[in-house]
Amino acid sequence: MKQKECVAMLLAGGQGTRLKSLTKQIAKPAVYFGGKYRIIDFPLSNCTNSGIDTVGVLTQYEPLILNDYIGIGSSWDLDRKFGGVSVLPPYMQADGGDWYTGTANAIYRNIKFLNQYEPEHVLILSGDHIYKMDYEEMLDYHKATEADATISVLEVPWEDASRFGIMNTNESGRIVDFDEKPAYPLNNLASMGVYIFKWDVLKQYLIEDEQKPNSSHDFGKDIIPAFLNDDRRMMAYTFKGYWKDVGTVDSLWEANMDLLSENPELNLNDYSWQIYSKNPNQPAQYIAPTAHVRNALINEGCRVHGTVDTSVIFYGVHIEDSALVKDSVIMPNVKIGKNVKIYRSLIAEGSVIEDNTVIGNPEPDSDITLHAEEGSVMATNYAVTN
Amino acid sequence: MKQKECVAMLLAGGQGTRLKSLTKQIAKPAVYFGGKYRIIDFPLSNCTNSGIDTVGVLTQYEPLILNDYIGIGSSWDLDRKFGGVSVLPPYMQADGGDWYTGTANAIYRNIKFLNQYEPEHVLILSGDHIYKMDYEEMLDYHKATEADATISVLEVPWEDASRFGIMNTNESGRIVDFDEKPAYPLNNLASMGVYIFKWDVLKQYLIEDEQKPNSSHDFGKDIIPAFLNDDRRMMAYTFKGYWKDVGTVDSLWEANMDLLSENPELNLNDYSWQIYSKNPNQPAQYIAPTAHVRNALINEGCRVHGTVDTSVIFYGVHIEDSALVKDSVIMPNVKIGKNVKIYRSLIAEGSVIEDNTVIGNPEPDSDITLHAEEGSVMATNYAVTN
Amino acid sequence: MDRIAGIINLDHEQDLLDELTYFRCGAAVPFAGRYRMIDFAISNMANSRIESIAVFARRKYRSLMDHLEQGKAWDLDRRSGGLFILPPDWNDPTDMSRGDLQHFHNNMDFIQRARADYILVSGSQNICNINFQDVLQEHKEANADVTVIYKEVDELYPEHRLAHKLDIDEQNEVLDINNDQKSTKVYMDMYLIEKNFMNKLIEESIAHGHSHFFLEGIKGRLQEMRVHAYEYKGTHALVNSVESYFRNSRKLLNREEHDGLFKEDSPILTKVKNEAPAKYLQDSDVKNTLVANGCVVHGHVEDSILFRGVKIGKGAVIKNSIIMQRCEIEDNAVLENVIIDKDCKITGGRTFIGAPEKPYVLAKRKSM
Amino acid sequence: MDRIAGIINLDHEQDLLDELTYFRCGAAVPFAGRYRMIDFAISNMANSRIESIAVFARRKYRSLMDHLEQGKAWDLDRRSGGLFILPPDWNDPTDMSRGDLQHFHNNMDFIQRARADYILVSGSQNICNINFQDVLQEHKEANADVTVIYKEVDELYPEHRLAHKLDIDEQNEVLDINNDQKSTKVYMDMYLIEKNFMNKLIEESIAHGHSHFFLEGIKGRLQEMRVHAYEYKGTHALVNSVESYFRNSRKLLNREEHDGLFKEDSPILTKVKNEAPAKYLQDSDVKNTLVANGCVVHGHVEDSILFRGVKIGKGAVIKNSIIMQRCEIEDNAVLENVIIDKDCKITGGRTFIGAPEKPYVLAKRKSM
């Protein structure tokens, strides 16, 4: 059987509780973004565009929608005969079974899956970020530097550095230390949670880590420190471009608004690096004689009779006469009644907004409103595990 | 969204310990049969041929091979846009998660999956049996008799009846009682483990059963008795044709041998009711000048230089000069050396049989030998749970 | 359940759409922002649980092949049944058949092998949303040999001149099929027939040297059989000229007409393209327009249809026009009453104005 | 990684296989028990990581369409790239191209859009198992403009008369391409060329009114460019006549030849058919034969090839023969040196014997 040079493993198990009701029934990577996409479209499309045709998607929490969405992978051209996309939930073996206990444990438990492809390298991805990245270039760097592990990093503003995991590197780019959210950062290279490992090396560390009773079986907390401890060759690969963690309601809203500028940093119309997505087969959108539309992304199957200003509208949304949607994100199949006003809000899939309702706060810099079935809640900062 | 009249749920979680090393790394429904097939090909092909295009496959134990084998369902024409085949492992929800605790629990835990299709009826299947059956006819009977549940039964010889779950029916075919392995059977109608339920009725019983602390959450032990208790309308549908439980090494061997008669009851060459299967793309089989082949099924990718007599040979098997394979089943990619003699055996996938080895006992009625990597074991009767 | 197989017979459809049919047959002409004409016939069949469909194509069918693939968009890329494009590619010196009977004769295999009791034959020019199971029901109730489908139109337009009309009695039995220019009962080029009866008629037609199965084999023998008329009552458009294409396209800007064609429970499907949502910039102004994904609109658009990936520059003004896939209209260009085929480019500042009843048509890949 | 796109050019392949090419082009002729001729070219490309392949077909390509689908069997049914059958279906009055240059000219789109730096052009008649990445490697090392592929044959057979031969120097540079009947360096109708250079040559060829791109645009201008010869050393068969088809088919009964063609790490793939394993009854007797799935053998078969779903009755004797898909040979029939195309039926007890050098050929769907 043919061998795969590099297999990607996408950690899609997170519940994403900071996204509140948006993730009540769906895993975070399945959250909507950009008028058409789900977050997971970005890493999956990056894989396809980077020539990586074998991707394991590790699921655990509410996988039904994710399973259904990924399907056979044909949306991303990942319906391959050998390889392609495989959804990997935890399973029971002859000696029992258990849920994934950490990111490293999730990979450990799928060693058998990886071994099928005899990969030289394994690319570890998370399903939480919006970005376009050529993993092949990173792999080339990883191979050229003969690293055991390569971690993709991003230069963040110095004032933000203490919110990230910071990689301290020497002059050759080799990682000499790793600080998780340092109070006094020595560097502004933040880890993007994208790793490439030599598979035989990683495998050995995963097996050893699994034996450690106090390990949390996490890449950031256990595996990377163990590599550092053993003086393994770890390189930092600097990524330049748009990258956004959309782990909170605010950041999800912001990332959507980022798309509306005339030349957004994240170009969705670039045919040379397409973001693939499941395409619902709906008629062309209809902009009525009464409509006003500006500064907007609107998807097929929509009907706009009212005003849309600086907003992102997913498929199947109907906006009736005299309604106003401003600075907002309207998720699929929302029905917005007459004379409704929506400001600075995210409206969850399938919501029905009765005539004359007002949602959100028009004040600039006011909090973003998240409206879901059970009513509206205001987004402030929550201290939650993800 | 369109609705599905009938959705099938295939219970494929069994470990099948009576099949010993054959099921050490694979779930029982993935066990090989008939020179080309896996057991699960039969219920899946039956679904396709019966016009049932939505099938949930409930997995739990070692699902990797089953997942990979089922893939996107294209082998069975079940790669459908809406519906098709879905593999359903247990998963974690906001309130935690657990393994499937019984057959009824497995369906209970997938109520959300079923509700997507708003089915009127649910067909419950198991992945343990070899048979060709038109489920559409059974569904027609179920609808015509306005049953809450219909159970497919088979007339077994009276002397065997006490080994089965026996349905006692009145003159109209209505089930009035159910005896699990009765010492003194009143009837010879054995349950085949194929049920059709009205979905709204079943759903209610599944929800109630889940609340009962002492329930084993099993169709045969809990759900059917509860239906009987409430005097629900349950009909017996009599199936005529080949049906075999291949739960033991002996029965698996027998079912293979059944195929070799000139006009076997189970006709694999019937184009009007094909058994679909994943087709490995291998060259035509080569029968060498030195070969003798009679009474055999042989698959593509094989090379036969020796003698094959009354045997079933899977794909990719090489049989060297002067070797003899008699009354045996040789699973995929086995290499059989020169002058090897194999009698009354099942040889597990990928085995390499060195030159001059002798496996099995040529005596008629002697025990069947199962040869797997760790060596040969003799099949006798084991008392095991399945 | 009685099964129906479908045939989409393009053999007698003339390529009357001028520049739009230079490089493709009429069935492959883009329509309604993201579809092709043939999508309606195929989607109607798929929605009516027709799972085997043959397309009889003779000329300029390459873009059809590209568009239909193996029927993937309609879930018709199946192991048994599915969608087949059957161009003429036979070579049998003993074959006596002529005209579209060559297709029927040489594809007898398809008809025989299809797991079906009835055959529904359709063209591609009658745009509608119809359920053929309802037709079958009525066909059986009427105990008919053939059921032909018609539309009672409110008003007669030029396109109806080319169509056949039905003369029917009060039991909806067909008395005559003719070209009565005053009749409003427009035959929609669709009929349902029992499979074995069809086989018999085909053989007889070939024996008689016919070259048009419907006209000679059915219409010509009307008195010998029971032909029932089924009235289709939904949104309908007959597209067989540039003028009817233009007028019927813009008819879809009417919400009722649009909803009559695009229904959630019987969706019109088409080949999937991956495009970003349509983007409207700060200074865009769009009204009464259908817009497909991938468009980027800076300018002013009204009473128009924009297909996928169209770019409208700043200050450009588009009125009453149909702009097809991937066209680029540069800044300050002015277009009115035009149809622009795929991949065209209109240079900044230029103006093209056609007449409402005779739009200006630009063939594909032109730069003006 | 340098990317290669593939073109399978069938335009100059004559249908020389008599009855076997009555209804299909040579590329679609069944071969080796379960393949079609074209499977080898496509599989070699797929195994060489060529992910965009165009097939230039002109005639009798319908069975090819049916066989290739969208390239599913080779995992080439992709969103970007994949397999395309490109029959002539263009209509441009300003087009000046002729012969196979019509294909190259009208499919410039394919060549331009393919994500590739090199183009590998192949026919379908040279059966082999070759890795084109190795060819590319040598092409780059030789700093060549074009690399042509040849086979050094041990013995010259009649089929080699029709092939071009290479005259090369010790650096494997091509001095001449001719019809030298004594040369054993058989040009395999495959060449590799850099994409932009190819575009340039195509344009020049059209400007010169050429009608055969390779013969006039490359062979005819040999002195102006650096043409390198790559020697293919594996199992090879050139099939361009019934006689060469028959002899080369049976050559595969030799284990070494067979293994040279069917390799686990570069498998020859074909459209998947769902068939049960071959069944051998109590009284069957089979020797030195390739047997495909779905066969049911009661009789005696030797030195033969049985395609999928062939039934051999009791007491039937088959020697030195090729029996294609779904044929039924009834009890006690005797066949020797015959080729029987698909879906034929040989009545019980009948005897057909051809000559080893001129087998008896039966066209498909005959009952004898």
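Convention: sequence-line order gives letters A, B, ...; per-chain numbering from 1.
Counting heavy-atom pairs closer than 4.5 Å to chain B, the top-ranked of the candidates D:Arg255, D:His258, D:Arg308 is D:Arg255. Top candidate by heavy-atom pairs under 4.5 Å with chain D, chosen from B:Leu268, B:Val293, B:Ile313, B:Thr310, is B:Val293. Here B:Leu297 is the residue among B:Leu297, B:Asn269, B:Leu259 with the most heavy-atom pairs under 4.5 Å with chain D. Between chain D and the residues B:Ser74, B:Pro289, B:Ser261, B:Gly34, the largest count of heavy-atom pairs under 4.5 Å involves B:Pro289.
For a residue to count as touching a neighbouring chain, one of its non-hydrogen atoms must lie under 4.5 Å from one of that chain's; by this rule D:Lys273 touches chain B with the backbone only. Of the atoms belonging to D:Ile305, not a single heavy atom falls under 4.5 Å from chain B. Neither the backbone nor the side chain of B:Phe314 comes within contact range of chain D; no heavy atoms are under 4.5 Å apart. Proximity to chain B (any heavy atom under 4.5 Å) is restricted, for D:Val272, to the side chain, taken from C-beta onward. If you measure heavy-atom distances from D:Val301 to chain B, you find no contacts under 4.5 Å at all.
Just one of D:Asn293, D:Leu306, D:Leu290 meets the side-chain contact (heavy atoms from CB on, under 4.5 Å) condition when paired with B:Gln285; it is D:Asn293.
Side-chain contact between D:Tyr280 and B:Ile298: present, with at least one pair of heavy atoms (C-beta onward) separated by less than 4.5 Å. B:Ile287 has its side chain out of reach of D:Asn288: every pair of non-hydrogen atoms, C-beta onward, lies at least 4.5 Å apart. Residues D:Tyr35 and B:Pro283 form a side-chain contact, since some pair of their non-hydrogen atoms from C-beta on lies under 4.5 Å apart. B:Asn281 is listed as a side-chain neighbour of D:Arg34, based on a closest heavy-atom distance under 4.5 Å. Annotation: side chain of D:Ile268 is not in contact with side chain of B:Gln282 (no heavy-atom distance under 4.5 Å). Here the side chains of B:Tyr286 and D:Val291 are not in contact, with every heavy-atom distance at 4.5 Å or above. Side-chain contact between D:Pro277 and B:Tyr37 is present, with at least one heavy-atom pair separated by less than 4.5 Å.
Within the model, atoms OG of B:Ser45 and CG of D:Asn274 stand 7.0 Å from one another, a figure rounded to the nearest 0.5 Å. Within the model, atoms CG of B:Leu260 and CD of D:Gln282 stand 10.0 Å from one another, a figure rounded to the nearest 0.5 Å.
Within 6.0 Å of the NZ atom in B:Lys338, the count of heavy atoms belonging to other residues, nucleotides or ligands does not exceed 12.
Under 4.0 Å is where a charged nitrogen must lie from a carboxylate oxygen, and between B:Glu262 and D:Lys279 no such pair does.
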Under the criterion side chain to side chain contact (heavy atoms under 4.5 Å, CB included), I'd like the reasoning laid out for D:Glu275 against B:Glu300: C-alpha separation, chi angles, the key distance, then a yes or no.
CA-CA 10 Å; D:Glu275 294 276 5; B:Glu300 287 169 344; over 6 Å; no
